[in-house]
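This report refers to the structure that appears directly beneath it.
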There are 2 protein chains.
Amino acid sequence: MMEVESQLFDCNKCAFKTISCHYIGDDEFEIIRQLSVQLQFEKGETIVKQGSKSTHLIFLHKGILKFTYHNQSGKNFIMTIVAGPKLLGGANLFFKNTNIFSLVAIEKCDICLIDERAFKNTLVKHGNYLLILFEKTIEMFQSSIFNFISLAHQQVNGRIADILIYLSEEVYKNQGYEFTLSRKEIAEFAACSHENVITTLSKLNKEGTITLVGKKIIINDLNKLKEISKRS
Amino acid sequence: MMEVESQLFDCNKCAFKTISCHYIGDDEFEIIRQLSVQLQFEKGETIVKQGSKSTHLIFLHKGILKFTYHNQSGKNFIMTIVAGPKLLGGANLFFKNTNIFSLVAIEKCDICLIDERAFKNTLVKHGNYLLILFEKTIEMFQSSIFNFISLAHQQVNGRIADILIYLSEEVYKNQGYEFTLSRKEIAEFAACSHENVITTLSKLNKEGTITLVGKKIIINDLNKLKEISKRS
DNA sequence: CCTTTAATATTAAATATTTCATATTTAATT
DNA sequence: AATTAAATATGAAATATTTAATATTAAAGG
């Protein structure tokens, strides 16, 4: 983690400020801003640790991170993967005083730690603002719920197909993308063994449905993936 | 579904009113109440249908219902099961204009349909009220997320053990309970075949960990169930 | 009361998945 | 450049799970 002397990004151009100031005054935002800290995390660094106390909301300004959960037996599990800009708070941090998930950077992440108390004070004064945040939070939940549904009644190749589609459409927003996730991480997302991921990806690669070159993946036949997802 | 002439339950003694009137005035609640309708649903009846438009929040006054999802291939899946009194809205109905899950009664349910618009109008005026509802909604999400986690990295017997514990602790609130769910429904909750459920329950019954008598189930050895959940 | 249907139960065969063993490639470190 | 560790890859054996076939029991309808 790197604390930043000069600002990482300009608060006046930040998406969080833009949304916020539709509902609250610049002066009110300034109070929140002054209690906020910008930080940068490298790939692999833990931003929030499962089990720790939650005292801040997190605005993911730029970058990609994963929500992870690990159980007593030491198994890791990826709940969802999100790309900035996005406010992370409702799920993990808002009301539970200990975090139920960890947040770990998958790519370099520019984030902003927002003091929860100052933020809540402002929120309760602006119902419409709170309503919008509520909505955004629910949306994020839904994206992970759809992964769970896929996971619950699809077989491994269908789940992996779904993950490839999700990453393409919601995270990297491109048909081809630099694949910063290891096979092991995809396994933690798809809830299967990493061998299974490797086998499935190799097969898709050989078929030509996707192309794997080094760390890069290109989805050649999106319909085929959707078909696999449907029928498995 | 039965529309009720005389009131099913007294609005003045309703838990929803009690919570609400900590934050809003009786006169404001009265406006919401007048736009609300009491309904009774029998076991098996669909209260809200996946895909339909959502125009109301639902307060589950009394009873037990399931959140279900069915995919294109016709497979059903139970997301979670909840017992009243509980406000259902944030997840399914609040912001999406079509419902992404169905709600189906597992036991006789007394519910109250609350006009969404009237409710929202009041909410935005009372930040603290909205914040509490936000919190309750997130809590409900979390309970289903823990089921998903169990589902994601446990084997079938561990998942079934978890479901038995969940039903005992969160839904029926008793070590023994009248089991209104069929084996098929447990299978839809545990995301496995119903044969698997039957085999697992029979085994637990023979071992003495649980006792099955007709529709009744008694958990004799909670620790054993928790152990199964841990090690699978 | 009889008939039909649905739910519960059990087993064997088929399939899916994980685990294990081992090899190769890639990346990181000295 | 050599060494080590990590990631990727593959196949066989072990295990878990589903499917299918069939029987029994309980519930529902005429």
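Below, read A as the first sequence line, B as the second, and so on, with proteins coming before strands; counting in each chain starts at 1. Scope of the values below: all heavy atoms of this structure, side chains included, with no hydrogens, waters or symmetry mates.
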Is the distance from OP1 or OP2 of D/dA9 to the nearest side-chain N or O of A/Lys206 less than 4.0 Å?
no

5'-most contact on DNA chain C (nearest-nucleotide basis), B/Leu181 vs A/Asn196, goes to B/Leu181

Roughly how many Å is it from CD in B/Gln155 to P in C/dA16, rounded to a whole number?
18 Å

Which whole-number value in Å describes the distance from A/Glu188 CD to D/dA7 C1'?
14 Å

Relative to the 5' end of DNA chain C, which residue comes earlier, A/Lys215 or A/Ser193, by the nucleotide with the nearest heavy atom?
A/Ser193

Closest to the A/His194 side chain: C/dT10, D/dT8, C/dA21?
D/dT8

Can you confirm whether or not the ring centre of B/Phe67 sits under 6.0 Å from the ring centre of B/Tyr69?
no

Which whole-number value in Å describes the distance from B/Lys184 NZ to C/dA6 C1'?
11 Å

Just by distance, with hydrogens left out, do B/Gln50 and B/Asn99 show a side-chain donor and acceptor under 3.5 Å apart?
no

Atom CD1 of B/Ile210 and atom C1' of C/dT8: how far apart are they, to the nearest Å?
14 Å

Just call it for B/Lys203: base, sugar-phosphate, or nothing, with non-hydrogen atoms closer than 4.0 Å on any strand.
nothing

Rounded to whole angstrom units, what separation is found between the CD atom of A/Glu195 and the C1' atom of D/dT15?
14 Å

Aromatic ring centroids of B/Phe16 and B/Phe59 under 6.0 Å?
yes

Length of the line joining A/Leu151:CG and D/dT17:P, which is rounded to integer Å
14 Å

Within the pair B/Ser202 and C/dT10, is there a side-chain N or O less than 4.0 Å away from OP1 or OP2?
yes

Tell me: CD of A/Gln154 to P of D/dT17, nearest whole Å?
18 Å

Between B/Lys226 and B/Glu169, is the closest basic N to carboxylate O distance under 4.0 Å?
yes

So, is B/Arg183 close to the C/dA7 phosphate, meaning a side-chain N or O under 4.0 Å from OP1 or OP2?
no

Using side-chain contact (heavy atoms from CB on, under 4.5 Å), reason through B/Val82 and B/Ile64 one step at a time and then give a plain yes or no.
CA-CA 6 Å; B/Val82 298; B/Ile64 298 174; over 6 Å; no

Find the distance B/Leu204:CG to C/dA9:P and express it as a whole number of Å.
12 Å

